[in-house]
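In what follows, a single structure is set out as C-alpha coordinates and then discussed.
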Number of protein chains: 2
Amino acid sequence: MSDAPQSTEAVDDYLKAILELSGVDEDAVTSNALAEHLGVRAASVTGMLQKLAAREPSFVHYQKHYGVRLSVVGRRRALEVIRHHRLLERFLHDFLDYSWDEVHEEAERLEHYISERLEDRIAAKLGDPALDPHGHSIPEKDGAVAERHEVALASWPCDVPAAISSVSDRNPAELREMKRLGLLPGTVLVVEPGTRAGSILVRIGSDSPTRVSSELAAGIMLAGGPR
Amino acid sequence: MSDAPQSTEAVDDYLKAILELSGVDEDAVTSNALAEHLGVRAASVTGMLQKLAAREPSFVHYQKHYGVRLSVVGRRRALEVIRHHRLLERFLHDFLDYSWDEVHEEAERLEHYISERLEDRIAAKLGDPALDPHGHSIPEKDGAVAERHEVALASWPCDVPAAISSVSDRNPAELREMKRLGLLPGTVLVVEPGTRAGSILVRIGSDSPTRVSSELAAGIMLAGGPR
DNA sequence: GACATAATTTAGCTAAACCTAAATTACCAC
DNA sequence: GTGGTAATTTAGGTTTAGCTAAATTATGTC
(Lines give C-alpha, C1' and ligand atoms only; values in the text may rest on other atoms or scores of the structure.)
Protein backbone atom coordinates (compact mmCIF):
# COMPACT_ATOMS: atom_id res chain seq x y z
CA MET A 1 0.00 0.00 0.00
CA SER A 2 2.76 2.43 0.90
CA ASP A 3 5.59 3.45 -1.39
CA ALA A 4 8.41 3.02 1.10
CA PRO A 5 11.64 3.35 -0.83
CA GLN A 6 12.95 -0.19 -1.06
CA SER A 7 16.11 1.03 -2.70
CA THR A 8 18.05 4.21 -3.30
CA GLU A 9 18.96 5.79 -6.60
CA ALA A 10 22.52 4.44 -6.37
CA VAL A 11 21.29 0.94 -5.63
CA ASP A 12 18.88 1.07 -8.57
CA ASP A 13 21.70 2.13 -10.84
CA TYR A 14 23.89 -0.76 -9.74
CA LEU A 15 21.08 -3.26 -10.30
CA LYS A 16 20.32 -1.91 -13.76
CA ALA A 17 24.01 -1.98 -14.65
CA ILE A 18 24.40 -5.58 -13.51
CA LEU A 19 21.36 -6.62 -15.55
CA GLU A 20 22.59 -4.83 -18.65
CA LEU A 21 26.16 -6.10 -18.41
CA SER A 22 25.25 -9.68 -17.63
CA GLY A 23 23.47 -9.94 -20.97
CA VAL A 24 21.00 -12.56 -22.14
CA ASP A 25 23.06 -15.42 -20.74
CA GLU A 26 23.22 -13.79 -17.29
CA ASP A 27 26.97 -14.11 -16.81
CA ALA A 28 28.58 -12.96 -13.59
CA VAL A 29 29.66 -9.32 -13.89
CA THR A 30 33.07 -8.07 -12.73
CA SER A 31 33.66 -5.08 -10.46
CA ASN A 32 35.74 -3.41 -13.09
CA ALA A 33 33.04 -3.63 -15.74
CA LEU A 34 30.56 -2.14 -13.29
CA ALA A 35 32.95 0.64 -12.30
CA GLU A 36 33.49 1.52 -15.95
CA HIS A 37 29.77 1.45 -16.76
CA LEU A 38 28.75 3.49 -13.72
CA GLY A 39 31.61 5.99 -13.83
CA VAL A 40 32.81 5.24 -10.29
CA ARG A 41 35.99 3.69 -8.90
CA ALA A 42 36.32 -0.07 -8.58
CA ALA A 43 36.78 0.28 -4.82
CA SER A 44 33.37 1.93 -4.56
CA VAL A 45 31.84 -0.95 -6.48
CA THR A 46 33.28 -3.52 -4.10
CA GLY A 47 31.84 -1.64 -1.16
CA MET A 48 28.40 -1.43 -2.72
CA LEU A 49 28.35 -5.07 -3.81
CA GLN A 50 29.09 -6.12 -0.25
CA LYS A 51 26.14 -4.08 0.93
CA LEU A 52 23.83 -5.37 -1.79
CA ALA A 53 24.74 -8.94 -0.88
CA ALA A 54 24.38 -8.34 2.86
CA ARG A 55 20.87 -6.88 2.56
CA GLU A 56 17.83 -8.82 3.62
CA PRO A 57 16.44 -9.79 1.19
CA SER A 58 19.67 -9.87 -0.77
CA PHE A 59 19.77 -8.15 -4.17
CA VAL A 60 22.79 -10.04 -5.53
CA HIS A 61 24.88 -13.16 -5.23
CA TYR A 62 28.40 -11.96 -4.74
CA GLN A 63 31.65 -13.89 -4.59
CA LYS A 64 34.79 -11.88 -4.07
CA HIS A 65 37.36 -11.93 -6.84
CA TYR A 66 34.81 -13.58 -9.09
CA GLY A 67 31.81 -11.35 -9.76
CA VAL A 68 28.10 -10.72 -9.07
CA ARG A 69 24.80 -12.02 -10.37
CA LEU A 70 21.40 -10.60 -9.58
CA SER A 71 19.19 -12.48 -7.16
CA VAL A 72 15.55 -12.98 -8.09
CA VAL A 73 14.65 -9.96 -5.97
CA GLY A 74 17.42 -7.84 -7.50
CA ARG A 75 16.44 -8.77 -11.03
CA ARG A 76 12.86 -7.89 -10.27
CA ARG A 77 13.78 -4.44 -8.99
CA ALA A 78 16.10 -3.82 -11.97
CA LEU A 79 13.28 -4.67 -14.39
CA GLU A 80 10.89 -2.41 -12.51
CA VAL A 81 13.25 0.52 -12.84
CA ILE A 82 13.81 -0.23 -16.54
CA ARG A 83 10.04 -0.37 -16.99
CA HIS A 84 9.79 3.06 -15.36
CA HIS A 85 12.52 4.40 -17.62
CA ARG A 86 11.03 3.18 -20.86
CA LEU A 87 7.47 4.14 -20.01
CA LEU A 88 8.71 7.61 -19.11
CA GLU A 89 10.60 7.91 -22.39
CA ARG A 90 7.50 6.89 -24.34
CA PHE A 91 5.34 9.31 -22.33
CA LEU A 92 7.68 12.28 -22.63
CA HIS A 93 7.97 11.62 -26.34
CA ASP A 94 4.32 11.05 -27.13
CA PHE A 95 2.66 13.52 -24.75
CA LEU A 96 5.15 16.20 -23.93
CA ASP A 97 6.84 16.90 -27.25
CA TYR A 98 10.23 15.54 -26.25
CA SER A 99 12.41 14.55 -29.20
CA TRP A 100 13.94 11.09 -29.08
CA ASP A 101 17.36 12.43 -28.14
CA GLU A 102 15.96 14.33 -25.13
CA VAL A 103 13.97 11.59 -23.40
CA HIS A 104 16.79 9.52 -21.94
CA GLU A 105 18.28 12.12 -19.62
CA GLU A 106 14.95 13.08 -18.07
CA ALA A 107 13.81 9.47 -17.70
CA GLU A 108 17.12 8.48 -16.13
CA ARG A 109 16.45 10.80 -13.21
CA LEU A 110 12.73 10.28 -12.79
CA GLU A 111 12.73 6.49 -13.06
CA HIS A 112 13.75 6.24 -9.39
CA TYR A 113 11.02 8.47 -8.04
CA ILE A 114 7.71 7.65 -9.69
CA SER A 115 5.22 5.68 -7.62
CA GLU A 116 3.49 2.52 -8.67
CA ARG A 117 0.37 4.60 -9.15
CA LEU A 118 2.06 6.95 -11.59
CA GLU A 119 3.64 4.03 -13.41
CA ASP A 120 0.19 2.52 -13.85
CA ARG A 121 -1.46 5.76 -14.96
CA ILE A 122 1.23 6.46 -17.53
CA ALA A 123 1.01 2.91 -18.88
CA ALA A 124 -2.77 3.22 -19.11
CA LYS A 125 -2.58 6.60 -20.84
CA LEU A 126 -0.20 5.13 -23.40
CA GLY A 127 -2.27 1.96 -23.88
CA ASP A 128 0.36 -0.35 -22.40
CA PRO A 129 3.01 0.14 -25.04
CA ALA A 130 5.48 -2.65 -25.79
CA LEU A 131 8.35 -0.46 -26.97
CA ASP A 132 10.09 2.78 -26.00
CA PRO A 133 10.98 5.42 -28.61
CA HIS A 134 14.30 3.72 -29.36
CA GLY A 135 12.72 0.32 -29.93
CA HIS A 136 13.61 -1.28 -26.61
CA SER A 137 10.93 -3.47 -25.18
CA ILE A 138 9.22 -2.38 -21.99
CA PRO A 139 9.17 -5.08 -19.29
CA GLU A 140 5.66 -5.94 -18.15
CA LYS A 141 4.44 -5.13 -14.68
CA ASP A 142 4.99 -8.68 -13.48
CA GLY A 143 8.61 -8.58 -14.65
CA ALA A 144 8.08 -10.51 -17.88
CA VAL A 145 10.28 -9.44 -20.77
CA ALA A 146 9.44 -10.12 -24.41
CA GLU A 147 12.06 -12.40 -25.93
CA ARG A 148 13.71 -10.81 -28.95
CA HIS A 149 16.58 -11.87 -31.13
CA GLU A 150 18.78 -8.96 -32.01
CA VAL A 151 22.02 -8.82 -33.93
CA ALA A 152 24.46 -5.91 -34.06
CA LEU A 153 24.54 -4.09 -37.39
CA ALA A 154 28.32 -4.62 -37.51
CA SER A 155 27.94 -8.39 -37.57
CA TRP A 156 25.08 -8.63 -40.06
CA PRO A 157 25.92 -10.25 -43.42
CA CYS A 158 25.94 -8.25 -46.67
CA ASP A 159 23.01 -8.20 -49.03
CA VAL A 160 20.53 -9.64 -46.53
CA PRO A 161 17.73 -7.16 -45.78
CA ALA A 162 16.98 -6.55 -42.12
CA ALA A 163 14.86 -4.21 -40.02
CA ILE A 164 16.31 -2.03 -37.29
CA SER A 165 14.82 -3.26 -34.03
CA SER A 166 16.41 -0.82 -31.60
CA VAL A 167 19.08 1.84 -31.19
CA SER A 168 21.13 2.91 -28.19
CA ASP A 169 19.64 5.86 -26.35
CA ARG A 170 22.84 6.92 -24.59
CA ASN A 171 24.15 9.61 -26.91
CA PRO A 172 21.84 12.47 -27.97
CA ALA A 173 24.16 13.61 -30.78
CA GLU A 174 24.23 10.11 -32.25
CA LEU A 175 20.45 9.88 -32.02
CA ARG A 176 20.04 13.13 -33.94
CA GLU A 177 22.43 11.83 -36.57
CA MET A 178 20.55 8.55 -36.88
CA LYS A 179 17.30 10.39 -37.35
CA ARG A 180 18.88 12.58 -40.03
CA LEU A 181 20.01 9.44 -41.88
CA GLY A 182 16.63 7.74 -41.51
CA LEU A 183 18.00 5.03 -39.24
CA LEU A 184 14.92 4.47 -37.09
CA PRO A 185 13.43 1.36 -35.48
CA GLY A 186 11.46 -0.39 -38.19
CA THR A 187 13.63 0.92 -41.02
CA VAL A 188 14.62 -1.87 -43.40
CA LEU A 189 18.18 -1.74 -44.72
CA VAL A 190 20.75 -3.78 -46.62
CA VAL A 191 24.46 -3.84 -45.80
CA GLU A 192 26.47 -3.22 -48.98
CA PRO A 193 29.84 -4.86 -49.52
CA GLY A 194 31.71 -1.58 -49.40
CA THR A 195 32.87 -1.87 -45.81
CA ARG A 196 36.00 0.13 -45.03
CA ALA A 197 37.87 0.61 -41.80
CA GLY A 198 35.64 2.53 -39.41
CA SER A 199 32.46 2.54 -41.40
CA ILE A 200 29.74 0.41 -42.92
CA LEU A 201 27.88 1.05 -46.15
CA VAL A 202 24.13 0.61 -45.91
CA ARG A 203 21.27 1.12 -48.35
CA ILE A 204 17.80 2.12 -47.21
CA GLY A 205 15.03 1.33 -49.68
CA SER A 206 15.97 2.48 -53.19
CA ASP A 207 18.10 5.47 -52.11
CA SER A 208 21.77 5.63 -52.81
CA PRO A 209 23.88 3.95 -50.09
CA THR A 210 24.88 5.80 -46.92
CA ARG A 211 28.17 5.45 -45.08
CA VAL A 212 27.58 4.84 -41.37
CA SER A 213 30.46 5.29 -38.93
CA SER A 214 31.30 2.33 -36.71
CA GLU A 215 30.44 4.40 -33.67
CA LEU A 216 26.96 5.04 -34.95
CA ALA A 217 26.63 1.46 -36.16
CA ALA A 218 27.59 0.18 -32.71
CA GLY A 219 24.33 1.56 -31.37
CA ILE A 220 22.15 -0.13 -33.98
CA MET A 221 20.57 -3.55 -33.47
CA LEU A 222 18.74 -5.51 -36.16
CA ALA A 223 15.90 -7.97 -35.76
CA GLY A 224 17.47 -11.39 -36.14
CA GLY A 225 15.24 -14.15 -37.56
CA PRO A 226 13.79 -16.61 -35.06
CA ARG A 227 16.79 -18.12 -33.28
CA MET B 1 22.22 25.04 -20.13
CA SER B 2 22.94 22.11 -17.87
CA ASP B 3 20.69 20.96 -15.06
CA ALA B 4 23.35 20.70 -12.37
CA PRO B 5 21.54 20.16 -9.07
CA GLN B 6 21.88 23.48 -7.30
CA SER B 7 20.27 22.06 -4.21
CA THR B 8 19.37 18.74 -2.65
CA GLU B 9 15.93 17.47 -1.72
CA ALA B 10 16.53 18.28 1.95
CA VAL B 11 17.67 21.82 1.15
CA ASP B 12 14.63 22.38 -1.04
CA ASP B 13 12.39 21.22 1.77
CA TYR B 14 13.98 23.62 4.24
CA LEU B 15 13.62 26.55 1.83
CA LYS B 16 9.96 25.76 1.16
CA ALA B 17 9.28 25.41 4.86
CA ILE B 18 10.91 28.74 5.65
CA LEU B 19 8.89 30.45 2.93
CA GLU B 20 5.63 28.92 4.14
CA LEU B 21 6.23 29.62 7.81
CA SER B 22 7.44 33.18 7.33
CA GLY B 23 4.04 34.11 5.88
CA VAL B 24 3.13 37.15 3.84
CA ASP B 25 4.99 39.50 6.17
CA GLU B 26 8.19 37.46 5.88
CA ASP B 27 8.91 37.16 9.58
CA ALA B 28 12.03 35.40 10.77
CA VAL B 29 11.32 31.71 11.38
CA THR B 30 12.46 29.84 14.48
CA SER B 31 14.34 26.55 14.53
CA ASN B 32 11.60 24.94 16.54
CA ALA B 33 8.89 25.87 14.07
CA LEU B 34 10.99 24.45 11.26
CA ALA B 35 11.71 21.26 13.18
CA GLU B 36 7.99 20.79 13.84
CA HIS B 37 7.04 21.49 10.24
CA LEU B 38 9.72 19.25 8.75
CA GLY B 39 9.43 16.40 11.24
CA VAL B 40 13.08 16.53 12.31
CA ARG B 41 14.84 17.42 15.56
CA ALA B 42 15.66 21.02 16.35
CA ALA B 43 19.36 20.16 16.53
CA SER B 44 19.23 18.95 12.92
CA VAL B 45 17.63 22.24 11.91
CA THR B 46 20.40 24.27 13.52
CA GLY B 47 22.99 22.26 11.64
CA MET B 48 21.23 22.74 8.33
CA LEU B 49 20.64 26.46 8.83
CA GLN B 50 24.34 26.94 9.46
CA LYS B 51 25.09 25.20 6.18
CA LEU B 52 22.46 27.14 4.25
CA ALA B 53 23.88 30.41 5.56
CA ALA B 54 27.50 29.39 4.85
CA ARG B 55 26.80 28.48 1.22
CA GLU B 56 27.97 30.67 -1.61
CA PRO B 57 25.64 32.14 -2.68
CA SER B 58 23.87 32.01 0.66
CA PHE B 59 20.29 30.74 0.77
CA VAL B 60 19.35 32.34 4.09
CA HIS B 61 20.15 35.08 6.56
CA TYR B 62 20.64 33.35 9.86
CA GLN B 63 21.19 34.75 13.32
CA LYS B 64 21.58 32.30 16.15
CA HIS B 65 18.98 32.33 18.89
CA TYR B 66 16.85 34.58 16.71
CA GLY B 67 15.76 32.90 13.49
CA VAL B 68 16.17 32.71 9.70
CA ARG B 69 14.92 34.63 6.70
CA LEU B 70 15.33 33.61 3.07
CA SER B 71 17.87 35.46 0.97
CA VAL B 72 16.82 36.57 -2.52
CA VAL B 73 18.46 33.47 -3.96
CA GLY B 74 16.82 31.20 -1.38
CA ARG B 75 13.40 32.70 -1.99
CA ARG B 76 13.82 32.21 -5.70
CA ARG B 77 14.68 28.55 -5.32
CA ALA B 78 11.78 28.00 -2.91
CA LEU B 79 9.35 29.52 -5.40
CA GLU B 80 10.76 27.41 -8.21
CA VAL B 81 10.16 24.25 -6.21
CA ILE B 82 6.65 25.37 -5.30
CA ARG B 83 5.99 26.09 -8.99
CA HIS B 84 7.12 22.55 -9.79
CA HIS B 85 4.87 21.15 -7.08
CA ARG B 86 1.74 22.96 -8.16
CA LEU B 87 2.25 22.42 -11.87
CA LEU B 88 2.74 18.72 -11.17
CA GLU B 89 -0.44 18.60 -9.09
CA ARG B 90 -2.41 20.24 -11.88
CA PHE B 91 -0.87 17.92 -14.48
CA LEU B 92 -1.44 14.72 -12.52
CA HIS B 93 -5.00 15.80 -11.87
CA ASP B 94 -5.91 16.97 -15.34
CA PHE B 95 -4.00 14.49 -17.51
CA LEU B 96 -3.42 11.39 -15.44
CA ASP B 97 -6.69 10.89 -13.60
CA TYR B 98 -5.35 11.63 -10.15
CA SER B 99 -7.98 12.66 -7.64
CA TRP B 100 -7.31 15.82 -5.68
CA ASP B 101 -6.37 13.92 -2.55
CA GLU B 102 -3.72 11.89 -4.41
CA VAL B 103 -1.75 14.61 -6.16
CA HIS B 104 0.13 16.08 -3.21
CA GLU B 105 2.15 13.02 -2.24
CA GLU B 106 3.36 12.35 -5.77
CA ALA B 107 4.18 16.00 -6.47
CA GLU B 108 6.03 16.30 -3.18
CA ARG B 109 8.59 13.75 -4.37
CA LEU B 110 8.84 14.71 -8.02
CA GLU B 111 9.10 18.48 -7.50
CA HIS B 112 12.81 18.10 -6.74
CA TYR B 113 13.70 16.12 -9.83
CA ILE B 114 11.99 17.60 -12.87
CA SER B 115 14.17 19.60 -15.24
CA GLU B 116 13.46 23.09 -16.46
CA ARG B 117 12.52 21.54 -19.78
CA LEU B 118 9.89 19.31 -18.24
CA GLU B 119 8.57 22.20 -16.15
CA ASP B 120 8.13 24.21 -19.33
CA ARG B 121 6.49 21.41 -21.30
CA ILE B 122 4.03 20.67 -18.53
CA ALA B 123 3.16 24.35 -18.19
CA ALA B 124 2.66 24.60 -21.96
CA LYS B 125 0.52 21.47 -22.05
CA LEU B 126 -1.68 22.93 -19.33
CA GLY B 127 -1.84 26.38 -20.93
CA ASP B 128 0.09 28.11 -18.14
CA PRO B 129 -2.44 27.60 -15.37
CA ALA B 130 -2.66 30.09 -12.51
CA LEU B 131 -3.96 27.69 -9.88
CA ASP B 132 -3.34 24.14 -8.66
CA PRO B 133 -6.24 21.75 -7.92
CA HIS B 134 -6.56 23.06 -4.35
CA GLY B 135 -6.75 26.69 -5.43
CA HIS B 136 -3.17 27.72 -4.59
CA SER B 137 -1.63 30.05 -7.08
CA ILE B 138 1.28 28.82 -9.14
CA PRO B 139 4.31 31.13 -9.04
CA GLU B 140 5.36 32.31 -12.48
CA LYS B 141 8.61 31.23 -14.06
CA ASP B 142 10.32 34.49 -13.14
CA GLY B 143 9.33 34.04 -9.49
CA ALA B 144 6.38 36.42 -9.52
CA VAL B 145 3.49 35.45 -7.26
CA ALA B 146 -0.05 36.67 -7.73
CA GLU B 147 -1.11 38.75 -4.72
CA ARG B 148 -4.21 37.36 -3.09
CA HIS B 149 -6.05 38.27 0.04
CA GLU B 150 -7.19 35.23 1.91
CA VAL B 151 -8.94 34.91 5.25
CA ALA B 152 -9.33 31.72 7.29
CA LEU B 153 -12.87 30.35 7.38
CA ALA B 154 -12.70 30.34 11.19
CA SER B 155 -12.28 34.10 11.31
CA TRP B 156 -14.87 35.04 8.70
CA PRO B 157 -17.92 36.96 9.98
CA CYS B 158 -21.39 35.40 10.01
CA ASP B 159 -23.92 36.04 7.26
CA VAL B 160 -21.39 37.49 4.81
CA PRO B 161 -21.14 35.33 1.67
CA ALA B 162 -17.63 34.40 0.58
CA ALA B 163 -15.99 32.12 -1.98
CA ILE B 164 -13.50 29.42 -1.01
CA SER B 165 -10.20 30.43 -2.58
CA SER B 166 -8.03 27.51 -1.51
CA VAL B 167 -7.84 24.47 0.74
CA SER B 168 -4.91 22.75 2.42
CA ASP B 169 -3.57 19.82 0.42
CA ARG B 170 -1.78 18.13 3.32
CA ASN B 171 -4.37 15.60 4.45
CA PRO B 172 -5.94 13.24 1.88
CA ALA B 173 -8.74 12.16 4.23
CA GLU B 174 -9.70 15.78 4.87
CA LEU B 175 -9.66 16.49 1.14
CA ARG B 176 -12.03 13.60 0.47
CA GLU B 177 -14.31 14.88 3.20
CA MET B 178 -14.29 18.41 1.78
CA LYS B 179 -15.17 17.10 -1.65
CA ARG B 180 -18.04 15.07 -0.16
CA LEU B 181 -19.38 18.24 1.50
CA GLY B 182 -18.97 20.32 -1.64
CA LEU B 183 -16.29 22.52 -0.10
CA LEU B 184 -14.25 23.21 -3.23
CA PRO B 185 -12.32 26.25 -4.43
CA GLY B 186 -14.90 28.59 -5.96
CA THR B 187 -17.74 27.36 -3.77
CA VAL B 188 -19.67 30.27 -2.24
CA LEU B 189 -20.78 29.82 1.35
CA VAL B 190 -22.23 31.70 4.28
CA VAL B 191 -21.22 31.15 7.90
CA GLU B 192 -24.32 30.69 10.03
CA PRO B 193 -24.45 31.90 13.64
CA GLY B 194 -24.66 28.36 15.04
CA THR B 195 -21.02 28.06 15.99
CA ARG B 196 -20.34 25.58 18.77
CA ALA B 197 -17.10 24.45 20.33
CA GLY B 198 -15.12 22.57 17.69
CA SER B 199 -17.26 23.25 14.67
CA ILE B 200 -18.64 25.90 12.37
CA LEU B 201 -22.03 25.93 10.69
CA VAL B 202 -21.95 26.85 7.01
CA ARG B 203 -24.60 27.03 4.31
CA ILE B 204 -23.78 26.41 0.68
CA GLY B 205 -26.28 27.89 -1.78
CA SER B 206 -29.81 27.04 -0.74
CA ASP B 207 -29.05 23.69 0.88
CA SER B 208 -29.55 23.11 4.56
CA PRO B 209 -26.54 24.12 6.65
CA THR B 210 -23.59 21.76 7.17
CA ARG B 211 -21.55 21.42 10.31
CA VAL B 212 -17.82 21.64 9.55
CA SER B 213 -15.33 20.48 12.16
CA SER B 214 -12.68 23.01 13.20
CA GLU B 215 -9.98 20.70 11.87
CA LEU B 216 -11.54 20.72 8.42
CA ALA B 217 -12.28 24.45 8.65
CA ALA B 218 -8.64 25.12 9.51
CA GLY B 219 -7.68 24.05 6.00
CA ILE B 220 -10.16 26.33 4.26
CA MET B 221 -9.28 29.85 3.09
CA LEU B 222 -11.77 32.39 1.75
CA ALA B 223 -11.22 35.12 -0.77
CA GLY B 224 -11.03 38.37 1.22
CA GLY B 225 -12.15 41.56 -0.53
CA PRO B 226 -9.56 43.98 -2.01
CA ARG B 227 -7.22 45.49 0.62
C1' DG C 1 17.40 40.63 40.21
C1' DA C 2 17.14 35.59 40.74
C1' DC C 3 15.44 31.45 39.03
C1' DA C 4 12.72 28.16 36.53
C1' DT C 5 11.39 26.74 32.11
C1' DA C 6 11.60 26.78 27.32
C1' DA C 7 14.20 27.36 23.11
C1' DT C 8 18.36 26.77 20.86
C1' DT C 9 22.99 25.33 19.99
C1' DT C 10 27.11 22.35 20.56
C1' DA C 11 29.39 17.99 20.67
C1' DG C 12 29.79 13.67 19.23
C1' DC C 13 27.71 9.61 16.59
C1' DT C 14 25.47 6.99 12.45
C1' DA C 15 24.54 5.61 7.62
C1' DA C 16 25.01 6.18 2.54
C1' DA C 17 27.91 6.47 -1.13
C1' DC C 18 31.64 8.16 -2.82
C1' DC C 19 37.04 8.87 -2.87
C1' DT C 20 42.54 7.65 -2.74
C1' DA C 21 46.28 4.79 -1.61
C1' DA C 22 47.91 0.52 -0.15
C1' DA C 23 47.35 -4.34 0.18
C1' DT C 24 46.06 -8.58 -1.76
C1' DT C 25 44.59 -12.10 -5.09
C1' DA C 26 44.17 -14.03 -9.74
C1' DC C 27 45.99 -15.14 -14.05
C1' DC C 28 49.29 -15.92 -17.65
C1' DA C 29 53.80 -16.69 -19.54
C1' DC C 30 57.83 -19.02 -19.42
C1' DG D 1 56.32 -23.16 -10.16
C1' DT D 2 57.92 -18.42 -10.17
C1' DG D 3 57.19 -13.61 -11.57
C1' DG D 4 54.90 -9.87 -13.27
C1' DT D 5 50.81 -7.45 -14.40
C1' DA D 6 46.09 -6.66 -13.97
C1' DA D 7 41.99 -6.99 -11.26
C1' DT D 8 40.09 -6.64 -6.91
C1' DT D 9 39.63 -5.71 -2.11
C1' DT D 10 40.86 -3.40 2.31
C1' DA D 11 41.73 0.58 5.06
C1' DG D 12 40.89 5.00 6.11
C1' DG D 13 38.80 9.56 4.86
C1' DT D 14 34.92 12.93 3.05
C1' DT D 15 30.17 14.88 2.63
C1' DT D 16 25.21 15.09 3.56
C1' DA D 17 21.68 14.88 6.67
C1' DG D 18 19.95 12.92 10.25
C1' DC D 19 20.15 11.48 15.59
C1' DT D 20 20.83 11.93 21.17
C1' DA D 21 22.47 14.11 25.17
C1' DA D 22 24.46 17.91 27.30
C1' DA D 23 25.35 22.76 27.46
C1' DT D 24 23.95 27.25 26.75
C1' DT D 25 20.97 31.31 25.99
C1' DA D 26 16.51 33.65 26.28
C1' DT D 27 12.24 34.65 28.55
C1' DG D 28 8.86 35.34 32.00
C1' DT D 29 7.55 35.46 36.96
C1' DC D 30 7.78 36.90 41.50
Side-chain angles (χ1 to χ4, degrees), chain A residues 4-18 21-22 27-70 74 77-78 81 108-109 111-113, chain B residues 4-18 21-22 27-69 73-74 77-78 81 108-109 111-113:
Chain A
Q6 57 207 310
S7 54
T8 63
E9 178 166 346
V11 167
D12 283 349
D13 287 341
Y14 275 86
L15 297 179
K16 274 207 310 178
I18 296 167
L21 293 175
S22 64
D27 297 322
V29 178
T30 66
S31 306
N32 244 15
L34 279 170
E36 163 95 2
H37 188 92
L38 292 166
V40 299
R41 298 312 176 119
S44 307
V45 172
T46 298
M48 179 59 102
L49 294 185
Q50 288 168 346
K51 280 181 220 154
L52 293 183
R55 269 181 67 106
E56 198 50 60
S58 164
F59 272 152
V60 301
H61 303 297
Y62 171 58
Q63 262 187 284
K64 47 151 69 170
H65 294 112
Y66 171 67
V68 263
R69 302 185 131 89
L70 291 177
R77 175 62 190 167
V81 177
E108 189 68 12
R109 230 172 325 106
E111 63 184 5
H112 308 290
Y113 302 109
Chain B
Q6 57 206 312
S7 55
T8 63
E9 177 166 347
V11 167
D12 283 349
D13 288 340
Y14 274 87
L15 298 178
K16 276 207 309 176
I18 296 167
L21 293 175
S22 64
D27 298 321
V29 178
T30 65
S31 305
N32 244 16
L34 279 171
E36 164 95 4
H37 188 92
L38 292 167
V40 299
R41 298 311 179 119
S44 306
V45 171
T46 298
M48 179 61 101
L49 294 184
Q50 288 168 346
K51 280 179 221 158
L52 292 183
R55 268 181 69 105
E56 198 50 59
S58 163
F59 272 151
V60 300
H61 303 298
Y62 170 59
Q63 262 187 284
K64 48 156 62 176
H65 296 289
Y66 171 66
V68 263
R69 301 186 132 88
V73 176
R77 174 63 189 166
V81 177
E108 188 69 13
R109 231 173 322 106
E111 64 185 4
H112 309 290
Y113 302 109

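All figures in this text were calculated on a predicted structure; none of them were measured in a lab. By convention in this document, chain letters (A, B, ...) are assigned in the order of the sequence lines, proteins followed by strands, and residues within each chain are numbered from 1.
Taken residue by residue, residues 34-52 of chain A places heavy atoms nearer than 4.0 Å to DNA chain C at A:Val40, A:Arg41, A:Ala43, A:Ser44, A:Met48, A:Lys51. A heavy-atom distance below 4.0 Å to DNA chain C is reached by these residues of residues 58-68 of chain A, ordered by number: A:His65.
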TODO: Report the C-alpha separation of B:Lys64 and B:Leu49 in whole Å, then their side-chain angles, then the decisive distance to 0.1 Å, and conclude whether the side chain to side chain contact (heavy atoms under 4.5 Å, CB included) test is met.
DONE: CA-CA 9 Å; B:Lys64 48 156 62 176; B:Leu49 294 184; over 6 Å; no
TODO: Test side chain to side chain contact (heavy atoms under 4.5 Å, CB included) on B:Val11 and B:Leu52 and set out the steps.
DONE: CA-CA 8 Å; B:Val11 167; B:Leu52 292 183; 3.7 Å; yes
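A:Asp12 and A:Ser7 form a side-chain donor-acceptor contact under 3.5 Å, judged by distance and modelled atom types alone.
Between A:Asn32 atom CG and C:dT25 atom C1' there is a gap of 14 Å when expressed in whole angstrom units.
Side chain of A:Ser22 to main chain of A:Ile18: a donor-acceptor pair is present (N/O by atom type, distance under 3.5 Å, no hydrogens or angles). Side-chain atoms of B:Arg109 come within 3.5 Å of backbone atoms of A:Tyr113 as a donor-acceptor pair (strictly under, hydrogens ignored).
Taking the charged nitrogens against the carboxylate oxygens, B:Glu108 and B:Lys16 do have a contact shorter than 4.0 Å, which makes a salt bridge.
Neither OP1 nor OP2 of D:dA7 sits under 4.0 Å from any side-chain N or O of A:Thr30. Neither OP1 nor OP2 of D:dT16 sits under 4.0 Å from any side-chain N or O of B:Tyr14.
If you take CG on B:Leu34 and OH on B:Tyr14, they are separated by 7.5 Å, rounding to the nearest 0.5 Å.
Every residue two or more places apart in sequence or in another chain that forms a side chain to side chain donor-acceptor pair (under 3.5 Å) with B:Asp13 is listed here: B:His112.
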